Amino acid sequence: AAQACGDFRNQDWEIIEKEWIELFDEKPNWGKRHAICNDLSPYAATISYNYNTPANTSEIKNEAERILKETEHECEWLYTTMHQGKPIGKINCIVWSDVLICNNCGKEFVYWDAAVDKENKCLRDDFYCPYCNAIHSKNNISKVYESVFDAFMNKTISRNKSVPVVLVYTVNKKRFEKRPDEFDLSTIKKIDDYKIHSYVPVYLLPDGGETQRNVKIGVTSVHQFYTKRNLIALSTFYNHIQESKLSNKLRFIFTGMINRSTRMNKVHFSKYLNGKSDWDAGYLKGTLYIPPFSVESSVLAQITNKLERYLKAIPMLPKEYDNAISIGSANAINMEDNSVDYIFTDPPFGHAVC
């Protein structure tokens, strides 16, 4: 906002000036403001820094494309699928479905297969067990849980069972959709056995209503919000970023894509079933909700998308940087008395909405 004050000749400046005169009986003193931004969050500071810092388009483009190429070389196998008997398809996304257990016969079945009605283009409120035809709804059925060894936490955990049901991929920019085949299931097994040697965020979630929302399905740590496939790709990409001379700028691309790389992305059924979208998916903002049908989006595609958008935004960034951005307590800001004329504070939210 402080940077934008220097460019007041926008479509609203006359309205703003009129309101100011009505309030203070004088014209506003137009011009760029100098801001001191302080936050406890490194994430918030990274966003502020990159929004307000000049960037060299060609330098970032060359470095980002180099890292993307290295990441693709190491991770291409993660997002490769078979097409007409050849491993040439590039996976865009995979839909995973919860596995449920029939309250009547006790057999397991895939929620997607029972509840999605493509013929009538709807998601059924009530659906039938494929084995005994007992009727169920999503509110009176139980999930299946499985015990798996979490190598990052070095212990066996219990989590809800989920299986891949739809795979969307491209060949020469043409889109295809299929049920995961033996090749895809073999890749998943290879992924499960793969050992990641670079950084993975294994942090227990703090106390709080929202942070503990997914404990019942086995999610107690940050890394469990991601599939193993996307963890490998994200970790590889992040490792290359940390080694780059432009790590501050490239981390901005990374933080901009991590939410769309989580298990929190869900299918927008109204668009999918009516054929209006190429698998449009998104996460519920303000929550840490993991849906029963989660969309695993390709990290490689996410990197490409974010890089393109960032390069388009660079010309709109300021040409110089003269604001201060810091991380830490507001009590520790080293400022002279009477040195600021306007203060805007944002209250600490704590674990209530974390």
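Since we're looking at a predicted model, the values are computed, not measured.
The CZ atom of Arg213 sits 5.0 Å away from atom OG1 of Thr287, with the distance rounded to the nearest 0.5 Å. Note: Ile60 CD1 to Leu246 CG = 6.5 Å, rounded to the nearest 0.5 Å.
Note: the hydrophobic cluster containing Leu185 also contains Trp96 (ILVMFWY, side chain heavy atoms under 4.5 Å, direct or indirect links). In the hydrophobic clustering of ILVMFWY residues, with side-chain heavy atoms under 4.5 Å counting as a link, Ile232 and Val148 come out apart.
In terms of heavy-atom proximity, Leu311 sits nearest to Thr57 at CD2-O, 3.9 Å. Considering all non-hydrogen atoms of both residues, Pro87 and Phe183 come closest at CB-CZ, 4.2 Å. Arg175 and Thr170 get closest at one heavy-atom pair: CA-CG2, 4.2 Å. Here the closest non-hydrogen pair linking Pro180 and Val166 is CD-N, 3.9 Å. In this structure, Lys228 and Asp192 approach most closely via the heavy-atom pair NZ-O, 3.3 Å. Of all non-hydrogen atoms in Ser297 and Cys93, the two that sit nearest each other are CA-CB, 4.1 Å.
In this pair, Phe127 and Phe109 present their aromatic rings perpendicular. The plane angle is above 60°, beyond the 30 to 60° band. Note on ring orientation: taking the six-membered ring where Trp is involved, the planes of His223 and Phe152 are perpendicular (angle over 60°, cut-offs 30° and 60°). Below 30°, between 30° and 60°, or above 60°: for Phe252 and Tyr51 the angle between ring planes is above 60°, a perpendicular geometry.
Remark: Phe293 pairs with Tyr111, Trp112, Phe269 by the ring-ring contact (aromatic ring centres under 6.0 Å, His included) rule, at least two apart or across chains. Here Ser244 pairs with Glu63 under the side-chain hydrogen bond (donor to acceptor under 3.5 Å, both in side chains) rule; sequence neighbours left out.
Remark: Lys285 is positioned above the aromatic ring of Tyr283, its terminal NZ or CZ atom under 6.0 angstrom from the ring centre and at most 45 degrees off the axis.
Remark: side-chain polar atoms of Asn172 are not paired, donor with acceptor, to backbone N or O of Lys174 under 3.5 angstrom.
Between Lys138 and Asp98 there is no salt bridge, since none of the side-chain N atoms of the basic residue sits less than 4.0 Å from a carboxylate O of the acidic one. Salt-bridge annotation for Glu65 and Lys61: present, with a side-chain N of the basic residue lying under 4.0 Å from a carboxylate O of the acidic one.
No side-chain donor-acceptor contact under 3.5 Å links Thr156 and Ser147. One side chain, Asp150 or Gln224, offers a donor N or O that lies under 3.5 Å from an acceptor on the other. Checked by atom type, the side-chain pair Thr81/Lys178 shows a donor-acceptor distance below 3.5 Å. Using modelled atom types and a 3.5 Å distance limit, the side chains of Thr227 and Glu296 yield a donor-acceptor pair.
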